[in-house]
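Within every chain, numbering begins at 1; the chains are lettered A, B, ... in the order of the sequence lines, protein sequences first and strands thereafter.
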2 protein chains.
Amino acid sequence: MAYRETEMMRERKAQARQRIIECAWESVTTGGFRSARITQIASMAGVATGSIYRHFESREELFAEMFRLATQHEVDRVAQALTGPETAAQQLENALRLFAERALRAPTRAWALIAEPVDPKLDEERLVYRRAFARLFEGAIRDGVLDGSLPEQNARLASTSLVGAIAESLIGPLAQASPEPCEAADLKPNELVDAIMQFCMQGLTGTRSQP
Amino acid sequence: MAYRETEMMRERKAQARQRIIECAWESVTTGGFRSARITQIASMAGVATGSIYRHFESREELFAEMFRLATQHEVDRVAQALTGPETAAQQLENALRLFAERALRAPTRAWALIAEPVDPKLDEERLVYRRAFARLFEGAIRDGVLDGSLPEQNARLASTSLVGAIAESLIGPLAQASPEPCEAADLKPNELVDAIMQFCMQGLTGTRSQP
DNA sequence: GAAAGGAGTGAATCACGATTCATTTGTTGT
DNA sequence: ACAACAAATGAATCGTGATTCACTCCTTTC
């Protein structure tokens, strides 16, 4: 017999796979799932169209995998903000702010992650993404209730509402085109974030901040 | 010469047009824009495929028109709730609750109206829809600030956040399949609505309700 | 260096649905 | 009843883009 997959080959394939995912992500970040073409991704990655299918079952599968990775990255970022010496409420505010700012900085990406619908497989992944965030925020809210920085409440629902309020505030205005982001409510980006945060924190604490 | 469009014919055409829109709406309500096929809509309406194009420039155009009508209907419903003898804050709560309940009762329709992306023409219409709601809620918030039932705040942004919080809370969990709606946060539908409303009203008033 | 596979290629195929258009079926006025 | 025209039809066409596959190119092993 001859040819047994060697370490070098495994490595090389893994790299190609990685490259494909990265290009897919770039394509999605630029124009959303809708306009991401397999053909174009292939040529970006410097491989033939058919080669994509050596690495992924289908277009769906490629996007699902890509989504999984991007999502994990984003969740990790936000999770980081949920550690530190501050009160849980303060940590949560930081995390929410980070979430909002990141979304605002890359609207097309945010849209793709949060809302753009593609196909059932992707929706499934998105659900996981949502749950990951929900769980994150939910935990922080529970902590806040324990350390007294937040009042008693339904943590699960509050966390969902938070994500929703932020996403809508950012994405609603930003969904269409990315060229001239943000003019929602006639505010500058950071003012927008501030205002969103005020609403969210009031919703959580039931206490007026900065009257 | 002969044949000049008569009243009866005009009527008949208008009816067909109406029927087509209704069937399109039913189709969208059932499976979302994505799965609404012109062919199927035609057969539902009892006309030939080609006849659709006697009434509408294109698929896009049909959906846009349909969307416009559905939207108007929905907005009118909610606007109704914003009249009455109660404080503006109370009216707003009623309106929000109505919005949430209606969405909860027909998740696929709500999804189609609020979030499902289709094409640029539709997105434009959706923007109008969002603005209509925003304006509605915004006005109510302004009134609330005036009559003292709500504290000073950025009405525009608060209204956006409200729509977002509600939409996410409802649609996030309900987006996928309509068969078994609602088990979000392990709550029954009306409990879900109650919890959302609490969050929203706290966000608006900065006051803890039902501690 | 030659056999034995695996990996890569990309033009051809296929699927799917919107749209068209030659033809048929009314409708109207005389 | 007939001319003149509009409306309706739906099978055929077209466009788009994912997916395939017969073939070539590389690696590995002996």
Gap between atoms CD and P, on A/Q40 and C/dG10 respectively (whole Å)
16 Å
Under the side-chain hydrogen bond (donor to acceptor under 3.5 Å, both in side chains) test, which residues partner A/R102, sequence neighbours left out?
A/E74
Counterpart residues, side-chain hydrogen bond (donor to acceptor under 3.5 Å, both in side chains), relative to B/R97 (two or more places apart)
B/D194
Can you give me the N/O atom pairs linking the protein to nucleotides 20-27 of chain C at distances under 3.5 Å, or say none if there are none?
{"from": "C/dT27", "atom 1": "OP1", "to": "B/R12", "atom 2": "NH1", "distance (Å)": "2.4"}
{"from": "C/dT27", "atom 1": "OP1", "to": "B/R12", "atom 2": "NH2", "distance (Å)": "2.8"}

Whole-Å distance between C/dT19 P and B/E60 CD?
8 Å
List in chain and number order the residues that pass salt bridge (Lys or Arg N to Asp or Glu O under 4.0 Å) with B/E11, two or more places apart in sequence or in another chain; answer none if no residue qualifies.
none
Atom-to-atom span, CZ of B/R34 to P of C/dC16 - whole angstrom
16 Å
CZ of B/F63 versus P of C/dG17: gap in Å, rounded?
12 Å
Name all residues meeting the side-chain hydrogen bond (donor to acceptor under 3.5 Å, both in side chains) criterion together with A/R142; count only those two or more places apart in sequence or in a different chain, and write none if there are none.
A/E138
Protein-nucleotide distance (A/E7, atom CD; D/dT28, atom P), rounded to Å
11 Å
Rounded to whole Å, the CD-P distance (A/E5 to D/dT28) equals 10 Å
Looking at residues at least two apart in the chain, or sitting in another chain, which of them share a ring-ring contact (aromatic ring centres under 6.0 Å, His included) with A/Y53?
none
Rounded to the nearest angstrom, tell me the gap between atom CD1 in A/I38 and atom C1' in D/dT19.
9 Å
A/R37 side chain near D/dA18 phosphate (N/O to OP1/OP2, under 4.0 Å):
yes
Could you state the atom-to-atom distance from CD1 of B/I41 to C1' of C/dG17 in whole Å?
12 Å
Report the relative orientation of the aromatic rings in A/F133 and A/F99; use parallel for angles under 30°, tilted for 30 to 60°, perpendicular for over 60°.
tilted
